[in-house]
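Report on one structure; see the data block that follows.
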Amino acid sequence: LQEEVGIKLCISPIMAFTSQSLYLLFMKQMLVLLIFIFPITISCHPARESLNIIQIDFKSNGECEGTCQAFTLTVYNDGRVIYIPDKFFNSAQLQTFINKEKVDSIFHLISVQNIWNLQEAYTSPRTDLPTYILTVRLKNDSCKTITDYGPSGPEALKKVYDRLLSLKQSQEWKPVN
């Protein structure tokens, strides 16, 4: 029995050393991952695309029974925003300018909602609803267009619509010269 105790006492420190060594090795590997790999993963995130967005076109066709407003709203990366109200009531182009932070926040929202992976069209079985058409243009001339009747697309799209509709409502619009 004493020999077993002696063996246990002798093995126990070795096992503790081995366990501690494995733990330290694991922690070093995790630190390497956090320092070197994690930033690369972040830089590959779709949010990086927000830096490449040059224009957002948001259109409502308003083809329901007169209750849906038809308009086009275009946001440019330089802060210029063009608004074209319903063609039947006022066809004049209006414009405003928003600051870089607001532009970046809109572009970032679009990127983090991962619209690049959404379907190109969404429909609803209900009738007499507006159709939203969202087009995002990138510097490399590629674009993503989503046509959304209802709107019936996912929550990610609704967040983008809400932001663009609030922009439309909150600005002081002036005629384009």
Side-chain angles (χ1 to χ4, degrees), residues 38-177:
F38 188 67
I40 293 169
T41 305
I42 290 174
S43 69
C44 296
H45 190 273
R48 187 169 178 226
E49 293 297 327
S50 66
L51 302 174
N52 294 319
I53 295 174
I54 59 169
Q55 180 179 328
I56 300 167
D57 296 313
F58 179 51
K59 180 179 181 177
S60 173
N61 69 2
E63 293 180 4
C64 47
E65 297 290 322
T67 58
C68 304
Q69 184 183 12
F71 65 87
T72 301
L73 186 73
T74 303
V75 181
Y76 296 93
N77 61 350
D78 65 358
R80 185 170 38 110
V81 183
I82 302 293
Y83 170 52
I84 304 171
D86 190 325
K87 61 185 174 189
F88 296 112
F89 296 108
N90 182 359
S91 61
Q93 285 190 6
L94 304 172
Q95 76 175 354
T96 192
F97 288 89
I98 57 176
N99 63 33
K100 181 173 176 24
E101 290 78 25
K102 196 173 274 191
V103 172
D104 289 347
S105 100
I106 293 168
F107 288 6
H108 181 73
L109 175 68
I110 286 173
S111 295
V112 298
Q113 297 307 320
N114 205 11
I115 68 159
W116 319 111
N117 293 327
L118 296 179
Q119 298 174 27
E120 292 181 8
Y122 294 93
T123 61
S124 172
R126 296 174 45 207
T127 59
D128 197 34
L129 297 170
T131 298
Y132 289 158
I133 302 166
L134 178 69
T135 302
V136 179
R137 299 178 194 286
L138 301 178
K139 286 180 184 174
N140 65 4
D141 291 329
S142 65
C143 69
K144 172 74 174 192
T145 299
I146 300 172
T147 303
D148 189 0
Y149 174 75
S152 58
E155 189 62 32
L157 275 177
K158 291 177 180 148
K159 288 179 182 179
V160 173
Y161 300 154
D162 288 346
R163 179 74 61 88
L164 293 170
L165 289 168
S166 71
L167 177 68
K168 180 177 83 86
Q169 298 298 329
S170 66
Q171 298 303 304
E172 184 177 320
W173 299 98
K174 297 179 181 174
V176 175
N177 296 330

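For clarity, every value in this text was computed on a predicted model and none was experimentally measured.
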(message) Counting C-beta onward and ignoring hydrogens, is there a side-chain heavy-atom pair between I133 and D57 closer than 4.5 Å?
(response) no
(request) Give a yes or no answer on whether the side chain of S60 reaches the backbone of Q69 with a donor-acceptor pair at less than 3.5 Å. (result) yes
(message) When you measure from the side chain of K59 to the backbone of T135, do you find a donor-acceptor pair of N or O atoms at a distance under 3.5 Å?
(response) no
(request) Indicate the atoms forming the closest heavy-atom contact of G79 with V103, along with that distance. (result) CA-CG2, 3.5 Å
(request) Please assess L134 against D148 for the test side-chain contact (heavy atoms from CB on, under 4.5 Å), listing each intermediate value before the final yes or no. (result) CA-CA 8 Å; L134 178 69; D148 189 0; over 6 Å; no
(request) Report the C-alpha distance between L165 and Y132 in whole Å, list the side-chain angles of each, state the deciding distance to 0.1 Å, and finish with yes or no for side-chain contact (heavy atoms from CB on, under 4.5 Å). (result) CA-CA 11 Å; L165 289 168; Y132 289 158; 3.8 Å; yes
(message) Side chains of S105 and R163 only: does a donor on one sit below 3.5 Å from an acceptor on the other?
(response) yes
(request) Step through the shown structure and confirm whether more than 12 heavy atoms of other residues, nucleotides or ligands are within 6.0 Å of CD on E155. (result) yes
(request) Please indicate whether D141 has more than 12 foreign heavy atoms, meaning atoms of other residues, nucleotides or ligands, lying under 6.0 Å from its CG. (result) no
(message) Show the nearest heavy-atom pair for residues F107 and Y76, with the distance to one decimal.
(response) CZ-C, 4.1 Å
(message) Using the side chain to side chain contact (heavy atoms under 4.5 Å, CB included) definition, which of the options I84, T72, T74 pairs with Q93?
(response) I84
(request) Look up atom CG in L73 and atom OH in Y161, then write down how far apart they are to the nearest 0.5 Å. (result) 13.5 Å
(request) Over all heavy atoms of both residues, which pair between P85 and L94 is shortest? Give the atoms and the distance, please. (result) CG-CD1, 4.0 Å
(request) Find out whether N140 and N52 are in side-chain contact, i.e. whether some heavy atom of one side chain is under 4.5 Å from a heavy atom of the other. (result) no
(request) Identify the heavy atoms of K144 and W116 that sit nearest to each other, and give their distance. (result) NZ-O, 3.6 Å
(message) Using modelled atom types and a 3.5 Å cut-off, is there a donor and acceptor pairing between side-chain atoms of S142 and backbone atoms of L138?
(response) no
(message) Once rounded to the nearest 0.5 Å, what's the spacing between atom CG of L118 and atom CD1 of I146?
(response) 5.0 Å
(message) Test your reading of the model: is there a side-chain donor-acceptor pair from Y83 to the backbone of K174, 3.5 Å cut-off?
(response) no
(message) How long is the straight-line distance from NE2 of H108 back to CD of Q113, given to the nearest 0.5 Å?
(response) 9.0 Å
(request) Rounded to the nearest 0.5 Å, what's the gap from CZ on F97 to NZ on K102? Could you check? (result) 14.0 Å
(message) Using 0.5 Å steps for rounding, measure from the CD atom of E120 to the OG1 atom of T147.
(response) 8.5 Å
